[in-house]
Engineer: 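Questions regarding the structure given below will be posed in turn.
Keep in mind that this is a model prediction, so the values were computed, not measured.
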Amino acid sequence: MLVVDDERGPRESLRLIMEPHMRVLTAEQGEQALETLRRQSVDVVTLDLKMPGLGGPKTLAQIRELDPDLEVVVVTGYGSYESAIEMLRLRAADYITKPFDAGRVLDVVRRAAERRQAKRGGLANDVLRSLLDELREETAALEMLLGPALPDPERTSLERIRLLAGALRDLVPDNPVRPRDLEGGA
């Protein structure tokens with residue numbers, strides 16, 4: 001995860017809360033956070049609302065350009081109804097006010113990391129299912145096109161490949177399992 005806050009106290013508090021559960025990177029300002037995100041893959045960002053330079057809303061908008069699915073949790077000491085609406089409009093995953101409760105932060109960040117990893121797993125499963133469908137279709141087309149001209153061993157091999165692709169495709173879950181243990185994630 002990436003903790004973005006211009007104040008050292010909240011930044012270090014979040015790091016200490018989350019470090020036993022995942023790898024934690026920190027940034028003091030929005031520009032530094034964006035540079036980190038260009039170099040590192042993370043699952044969750046906690047983002048302060050009021051920072052010098054590039055503030056929270058502009059940072060979140062640029063994060064969305066870099067990675068539309070990144071989970072961003074706003075953690076702010078300047079919470080208001082208007083700012084909460086603005087952050088949710090920019091698709092912030094959650095909105096927490098300072099001083100924050102460590103248990104609530106841990107719960108919110110864990111759920112956000114699970115959603116992120118489930119999205120990643122879902123995409124991989126979609127790609128795998130698509131490739132297996134394509135393999136099955138290609139082998140069926142080869143069987144039809146070359147079937148009569150193929151010797152029995154090759155025809156049997158093509159049929160086995162098609163059946164295996166179909167069986168593997170059926171094993172790939174449509175709904176990825178959510179990871180229970182986030183150790184080692186960022």
Engineer: Look up atom CG in Leu14 and atom CG in Leu16, then write down how far apart they are to the nearest 0.5 Å.
Structural biologist: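 Reported value, rounded in 0.5 Å steps: 9.0 Å.
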Engineer: Can you name the side-chain contact (heavy atoms from CB on, under 4.5 Å) partners of Ala33, sequence neighbours left out?
Structural biologist: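 Partners of Ala33 under the side-chain contact (heavy atoms from CB on, under 4.5 Å) test: Leu2, Val4, Ala27.
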Engineer: Can you name the closest pair of heavy atoms from Ala93 and Arg115 and give their distance?
Structural biologist: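 In this case the closest contact between Ala93 and Arg115 is CB-NH2, 3.3 Å.
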Engineer: Check whether any side-chain heavy atom of Asp94 lies under 4.5 Å from a side-chain heavy atom of Val74, and answer yes or no.
Structural biologist: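 No, their side chains stay 4.5 Å or more apart.
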Engineer: side-chain contact (heavy atoms from CB on, under 4.5 Å) for Asp48 and Asp6? Distances and angles first, verdict last.
Structural biologist: CA-CA 8 Å; Asp48 188 19; Asp6 62 317; 2.9 Å; yes
Engineer: By the definition side chain to side chain contact (heavy atoms under 4.5 Å, CB included), identify the one residue from Glu71, Arg111, Met18 that meets it with Val44.
Structural biologist: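 So the option named by the test is Glu71.
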Engineer: Show the numbers, then the answer: is there a side-chain contact (heavy atoms from CB on, under 4.5 Å) between Leu25 and Met1?
Structural biologist: CA-CA 6 Å; Leu25 307 170; Met1 82 175 278; over 6 Å; no
Engineer: For the pair Glu12 and Arg15, evaluate salt bridge (charged side-chain N to carboxylate O under 4.0 Å, His left out) and give the outcome as yes or no after the intermediate values.
Structural biologist: CA-CA 5 Å; Glu12 288 301 306; Arg15 184 183 61 76; 2.5 Å; yes
Engineer: Thinking salt bridges, do Asp69 and Arg64 make one under a 4.0 Å N-O criterion?
Structural biologist: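 Not counted as a salt bridge, because no side-chain N and carboxylate O are separated by less than 4.0 Å.
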Engineer: May I have the step-by-step check of side-chain contact (heavy atoms from CB on, under 4.5 Å) for Leu70 and Leu37, ending in yes or no?
Structural biologist: CA-CA 10 Å; Leu70 185 60; Leu37 291 172; 4.0 Å; yes
Engineer: Using the side chain to side chain contact (heavy atoms under 4.5 Å, CB included) rule, pick out the option among Thr59, Val3, Val72, Val109 that qualifies with Val45.
Structural biologist: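 Single pass found, and it is Val72.
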Engineer: Just verifying a value: how many Å separate Glu7 CD and Glu28 CD, rounded to the nearest 0.5 Å?
Structural biologist: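 Between Glu7 CD and Glu28 CD, I get 11.5 Å after rounding to 0.5 Å.
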Engineer: Testing the basics here: between Ala92 and Leu60, what is the closest heavy-atom pair and its distance to 0.1 Å?
Structural biologist: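 Heavy-atom minimum between the residues: CB-CD2, 4.1 Å.
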Engineer: In Å, rounded to the nearest 0.5 Å, how long is the span from OG1 of Thr46 to CD1 of Ile96?
Structural biologist: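 Answer rounded to 0.5 Å: 8.5 Å.
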Engineer: Closer than 4.0 angstrom, basic N to acidic O: yes or no for Asp67 and Arg116?
Structural biologist: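 Looking at Asp67 and Arg116, the cut-off is met.
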Engineer: On a heavy-atom basis, which atom in Met22 and which in Ala113 lie closest, and how many Å separate them?
Structural biologist: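 Where Met22 meets Ala113 most closely, the heavy atoms are CE-CB, 4.0 Å.
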Engineer: Using side-chain heavy atoms (C-beta onward) and a distance below 4.5 Å, is Val75 in contact with Tyr95?
Structural biologist: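 SC-SC contact between Val75 and Tyr95 ruled out.
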Engineer: Hey, is CZ on Arg8 packed in by over 12 heavy atoms from elsewhere, all under 6.0 Å?
Structural biologist: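 Atom CZ in Arg8 is not crowded, with 12 or fewer foreign heavy atoms closer than 6.0 Å.
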Engineer: Of Arg11, Lys50, Lys98, which meets side-chain hydrogen bond (donor to acceptor under 3.5 Å, both in side chains) against Asp5?
Structural biologist: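 Looking at Arg11, Lys50, Lys98, the match for Asp5 under the side-chain hydrogen bond (donor to acceptor under 3.5 Å, both in side chains) is Lys98.
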Engineer: Does Glu31 use its side chain to pair, donor to acceptor, with the backbone of Leu54 at less than 3.5 Å?
Structural biologist: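 Between the backbone of Leu54 and the side chain of Glu31 there is a qualifying donor-acceptor contact (under 3.5 Å).
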Engineer: Test Leu34 against Leu66 for side-chain contact (heavy atoms from CB on, under 4.5 Å), laying out the working first.
Structural biologist: CA-CA 8 Å; Leu34 293 168; Leu66 288 174; 3.8 Å; yes
Engineer: State, yes or no, whether a side-chain contact exists between Arg23 and Gln40 at a heavy-atom distance under 4.5 Å.
Structural biologist: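 In short, these two side chains touch, coming nearer than 4.5 Å.
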Engineer: For residues Pro68 and Arg91, report the shortest heavy-atom separation together with the two atoms involved.
Structural biologist: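 Minimum heavy-atom separation between Pro68 and Arg91: O-NH2, 2.5 Å.
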Engineer: Show the nearest heavy-atom pair for residues Pro10 and Phe100, with the distance to one decimal.
Structural biologist: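 Closest approach of Pro10 to Phe100: O-CZ, 4.3 Å.
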